[in-house]
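Not measured: the values here are computed from a predicted model.
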Amino acid sequence: MVGVASRETTATGVLTAGPSAPARTRRFPRLHRADLLFGFGYLALAVVVLSGQWRNTQSGYLIKSGQDQTMWEWFFAVTAHSVANLENPLGTTLQNFPAGVNMMANTAMFGVGVPFTPITLMFGPTVTFVLVLTLGLASTAFGWYWLFSRELVESKLAAGTGGLFCGFAPAMISHANAHPNFVVLVLLPITAGQLIRMARRAAVTGPDQPRRRVRDAVALGLLVAMQIALGEEPLLIFALAFGLFAIVYFLHAPRYGVRVLRGIAPTVLLAAVITLMLTEIPLWWQFFGPQSYRSIDHGPMGNDLKAIVQFPSESLGGLFSPGQYVAINETEQNAYFGWPLLLLLATTIALLWRDRVVRAAGVVIMVFGVLSLGAVAMVGKKNTGVELPWRWAEHVPLLSTVLETRLTMAAIPAIAAILALATQRAVGRWRESPVDWRPLAWFGTLALALLPLVPTILPVVERGPTPEFFADGTVRNYVGTGSVVMVPPSRPLDAGALRWQADAGFDFPLAGGYFVGPTGATKKGIYGPEGRATTTLLVRAQETGAVPPITDETRAQARADLEFWQADVLVLPATKNVDTLRSTVTQLLGFEPARVDDVWLWNVRAVR
């Protein structure tokens, strides 16, 4: 992360204002022509990357998202529904009926879901989803560009290069398939800038006056609170990386580091209090409210060593030179920096090691790169048996909930800062001597290193239409106070019914669904609902194409599950092995279904 740095430092290491100091005295920041150029450029590139989805917001689907796009669209749709109907958005029983879902514990992104409610209601959740992703890529790039151009380098080209990498790094493009909470990161560079300005004043003048301290604390508290409403995991990774950067940055002058810490500590503590005041209700709901959970076990989620040096699948390098597939899934290609960039980076760090920013950024890259490998080093999906520091770090509270592969995202702005500083030096040398070969060598090498990482358009497929039974509202005639149970019930591997529920205007609750919730007395988090015998039986029937043995015991279990779900109807739409599923449910219940619109329907209110 970009740490406590400006473009100038004195010989004693005290932070000084740097060339951009006059601009900071203005009430409103001044926009330069280059700022607008880079801003529109980032936006245009984001639109191109997501152009497949933009061309078809009615039925297009980012295929590499798995079921995540459906989940996120449901989050945005149900948030808008709650806001429009003046209901509590922090929890809902519209899926996983009757227990419900803790929305705060499910990264619902109220920071965009609530303000984007009019867009969702007017144009649908798919438009909100792709708009959030597009603005997320562009604004994140511009946010880091702004920070670099005001606090790190003079050259707009150098800052623009850094911003481009921050907004469109392989991890950002990978998450743009499905995870807006790891794409909308614009508040992180703004937060970094606020901390840098606070640290600079503390280093030069000592503790701020009370009025100034309160203003800074309010600004910092609001930024952190807003980031919590967008995504807590990125905030945690940022805070750890920023802290490590600051420690390394001040190592050569610990007295000044202590002075800065003493100067900003009261402000940071006050900001923490303000953040807690603003977020205490949603955070209580997240950790102690209905359907909250204590922890979640993701299993081994570290980066394979090959993932560090290979090219991402959604890039020119991945298109022409694909390597072994070693990612956790298509949406978690969090490293994939490519060997040319890593080679350039290593050389640049070695040459510029005396620069404090480069040195601190290099440590961040190395530390978080190692942590991202997980508990045991893997090479080509083969266990090397070499134990790594994450083996102990994963037992630390909060860290245990982080997917370790995502820790490489801390390296993105650190890499960008190094590239920006090196580009600044090249620009400076070119201005001094247009015939100097070194700037040309740098720009040529930089282009060769970044060209393989140029993102390609994210692939989109046609999504199947919503069954008429839901689309035309017929479902309302068959549901009272109970739930709709899909055949098989909705689950993380098949969450399409969430889309149908939203298209029907949330007129009924669903059994099952795609969410994170607690299981058992330990309240350990799992993806989807707790397993039910009837769900397992129906899934097996669909996968095998054969009706499983139906006994009195399975019938009794089915009745118990229907009672648990408070089911009004079972609905079987067109799906794989539909005849097998129809026969299975008929034998379980003892009566034939009715054909309603384009689905088979069993009315089970009398049965349960």
Other residues, nucleotides and ligands only: do more than 12 of their heavy atoms fall within 6.0 Å of CZ on R429? no

| Do I173 and L453 touch side chain to side chain, with heavy atoms closer than 4.5 Å? | no

Under 3.5 Å, is there a donor on one side chain and an acceptor on the other for S174 and T331?
no

Notebook entry, point to check: Any luck finding a side-chain donor-acceptor pair between E314 and Q333 under 3.5 Å?
Noted result: no

**Item:** NZ or CZ of R438 within 45° of W442 ring axis and under 6.0 Å
**Value:** no

Item checked: Distance-only side-chain donor-acceptor flag, Y293 / N102, under 3.5 Å -> no

Do we see a donor-acceptor contact under 3.5 Å between the side chains of N56 and E462? yes

Between T126 and R499, do the side chains contain a donor N or O and an acceptor N or O under 3.5 Å apart?
yes

Any luck finding a side-chain donor-acceptor pair between H175 and N334 under 3.5 Å?
yes

- prompt: Are T405 and N303 linked by a side-chain donor-acceptor pair shorter than 3.5 Å?
  reply: yes

Open item on the list: Centroid separation under 6.0 Å, is that true for the rings of Y145 and F142?
Closed with: yes

Original post:
Can you find a pair of side-chain heavy atoms, one from L230 and one from F110, that are under 4.5 Å apart?
Top reply: no

Notebook entry, point to check: Going by distance alone, is a donor N or O of one side chain under 3.5 Å from an acceptor N or O of the other, for S372 and W390?
Noted result: no

Would you kindly check if the NZ (Lys) or CZ (Arg) of R463 is within the cone defined by 45 degrees around the ring axis of Y61 and under 6.0 Å from the six-membered ring centre? no

- Should the heavy atoms of other residues, nucleotides or ligands under 6.0 Å from CZ of F123 be counted, would the total exceed 12? no

Assert yes or no for the condition that the ring centre distance of W430 to F443 is strictly below 6.0 Å. yes

